[in-house]
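Shown next, in structure tokens, is the structure this report addresses.
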Amino acid sequence: MKSRISNPEIDKLILLISKLPGFGPKSASRAALHLIKNKEQLMVPLAETLLSSSENIVTCEICGNIDVNSPCMICTDEGRSKNQICVVENIADLWALEKSEVFNGLYHVLGGTLSAINSIGPDDLNLKKLIDRIEGEKIDEVILALSATVDGQTTAHYVADTLSKHSVEVSRLGHGVPVGGELDYMDEGTIAAALSARQKI
Amino acid sequence: MRWSGTGFVLGFKKYNESSYILEAFTEDHGRHKGLIRGIHSKNLRAVIEPGNEVMLNWSGRLESHLGNYTVEPIKLWSSYILSRKINLHGINSICSIIISTMAEKQQNAFIYEKSLSLIKDICKNKEDWIKSYIFWEIDLLSDIGYGLDLTECAVTSEKDNLKFVSPSSGRAVTIEGAGSYKDKLFKLPNFLINRSSEYNDEDLENALSLTEHFFRKRFYEPNNLNFPKSRNHLKISIIK
């Protein structure tokens with residue numbers, strides 16, 4: 001028997017919300033009800049923001065970041081150091097680095113990592129633009145801020161190899177003991193990486 | 001149904017927001033997949049890297065179902081080689097070749113033992129691991145039914161002075177046997193006949209080209225499969 005408590009409009013709203021990360025059908029129903037209850041304060045502003053975002057947000061033609069303008073705010077910021085590029089896997093990683101406020105250079109979003117099991121090859125990554133930037137701009141250093149995973153580091157080595165033909169210094173993030181990490185809880189690989197990257201104090 | 005056993009991770013694919021489909025090569029159940037939950041756990045993410053030796057607990061209603069995995073680390077081999085390019089390509093190549101050549105849910109103790117031993121050699125960065133890798137490929141070719149015969153000449157039946165391999169039969173050929181066809185034959189590196197003999201980079205390249213040819217012609221192309229890119233990366237980095 002068809003349910004009498006819903007209608008196509010509400011069902012569609014619940015269905016769309018349930019497609020968002022972190023939502024299932026039950027939590028999507030709760031969110032939909034919350035939006036309907038707070039139509040003026042929440043639902044309408046949210047709908048307007050979604051519409052304006054979908055119209056205005058674009059991918060930066062230079063670095064692959066997202067912004068309302070292309071080139072993005074980071075690429076056009078005169079206060080940033082223009083001779084360093086930090087290569088990241090995705091936009092979430094770029095945001096994480098920006099949040100730390102320790103890097104004041106430019107970014108380049110690769111859009112993924114090489115993956116043997118998922119058949120992602122070099123042609124699937126945003127690598128050509130990186131090479132164009134290195135050839136066209138005065139870049140001194142490329143920092144490979146990629147995950148400390150097999151795929152992440154395979155990609156880092158591939159990018160480093162590709163850039164070896166250009167006169168640019170290539171570095172990667174350090175691997176080892178994280179802040180707050182206790183040695184007895186750490187796996188042997190992390191300890192090995194930390195030992196090999198030890199520093200004088 | 002439930003089973004527990006050891007194996008090593010081949011790879012994983014994201015399934016939904018909080019799960020992966022993990023693929024492992026297990027000692028008792030061969031190449032086996034299962035759903036693994038809780039991917040946001042930092043500890044779990046480090047465990048399911050390709051090449052890591054793990055204890056797997058699988059449960060499912062029927063054997064044919066995907067089922068669920070829980071996984072505990074035995075040895076996180078891959079974390080030793082993150083800064084070594086060729087070793088990383090080696091691990092990736094082993095995992096992708098096993099994924100494409102080994103049948104699912106079929107035990108293969110011989111290849112399992114060989115593969116795990118090779119992964120350990122690669123991660124410990126043993127001197128001759130590339131040579132061991134080439135022998136692993138030859139063993140794998142033989143196991144899937146396309147073995148090379150490097151014991152005697154296909155033309156003269158001589159057992160000495162074997163210098164070439166026929167690209168069509170996979171059998172060794174002497175200089176005399178090759179005659180005017182030697183340019184069309186693969187060079188046979190001496191270390192493939194006498195394992196303890198010396199070898200150089202050219203020998204490694206010739207051996208990798210030899211096994212690549214037979215993988216491509218006898219397995220990947222007839223099955224409409226792409227030859228693993230990671231294997232190409234391995235060969236390129238060794239040649240360099």
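Throughout, protein chains are lettered first and strands after them, A, B, ... in sequence-line order, and every chain is numbered starting at 1. These numbers come from the heavy atoms of this one structure, side chains and all, not from hydrogens, waters or symmetry mates.
- Contact between A/Ser29 and A/Ile14 at its shortest, heavy atoms only, is OG-CG2, 3.8 Å.
- With a 4.5 angstrom heavy-atom cutoff, B/Lys229 touches chain A only via side-chain atoms.
- Relative orientation of the B/Trp3 and B/His29 rings is parallel, given thresholds of 30° and 60° on the angle between their planes.
- Annotation: maximal heavy-atom pairing with chain A below 4.5 Å, among B/Leu10, B/Leu82, B/Ile91, occurs at B/Leu82.
- Residues of residues 47-58 of chain A having a heavy atom under 4.5 Å from any heavy atom of chain B: none.
- With salt bridges taken as basic N to acidic carboxylate O contacts below 4.0 Å, one links B/Glu137 and B/Arg231.
- Inspection of the B/Thr70 and B/Asn57 side chains reveals an N or O donor paired with an N or O acceptor under 3.5 Å.
- Only the backbone of A/Leu20 comes within contact range of chain B, with at least one heavy atom under 4.5 Å from a heavy atom of that chain.
- Residues B/Asp201 and B/Ile238 fail the side-chain proximity criterion, which asks for heavy atoms closer than 4.5 Å.
- With a threshold of 4.5 angstrom between heavy atoms, B/Arg45 approaches chain A through side-chain atoms but not through N, CA, C or O.
- Using bins of under 30°, 30° to 60° and over 60° for the plane-to-plane angle, the ring pair B/Trp58/B/His32 lands in the perpendicular bin.
- Both the backbone and the side chain of B/Pro50 come within less than 4.5 Å of a heavy atom in chain A.
- Ring geometry, B/Tyr220 versus B/Phe227: the interplanar angle exceeds 60°, so the pair is classed perpendicular (tilted spans 30 to 60°).
- B/Ile99 touches chain A through its side chain: at least one heavy atom from C-beta onward sits under 4.5 Å away, while N, CA, C and O do not.
- A perpendicular orientation is assigned to the rings of B/Phe8 and B/Phe25, their planes being inclined by more than 60° (bins at 30° and 60°).
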Stepwise side chain to side chain donor-acceptor pair (under 3.5 Å) check, A/Asn83 with A/Ser81:
CA-CA 6 Å; A/Asn83 58 350; A/Ser81 151; 2.6 Å; yes
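- When each of B/Asn92, B/Val47, B/Asn226 is scored by its heavy-atom pairs under 4.5 Å with chain A, the top score falls to B/Asn92.
- There is a side-chain donor-acceptor pair under 3.5 Å between B/Lys235 and B/Ser209.
- Within the 4.5 angstrom heavy-atom criterion, only backbone atoms of A/Phe23 (N, CA, C, O) approach chain B.
- Only the side chain of A/Ala192 comes within less than 4.5 Å of a heavy atom of chain B; its backbone N, CA, C and O stay farther away.
- Contact annotation for B/Ser79: both backbone and side-chain heavy atoms come within less than 4.5 Å of a heavy atom of chain A.
- Distance CG/A/Leu114 to CG/A/Asp151: 7.5 Å, rounded to 0.5 Å.
- The parts of B/Ser83 that come within reach of chain A are both its backbone and its side chain, each placing non-hydrogen atoms under 4.5 angstrom from that chain.
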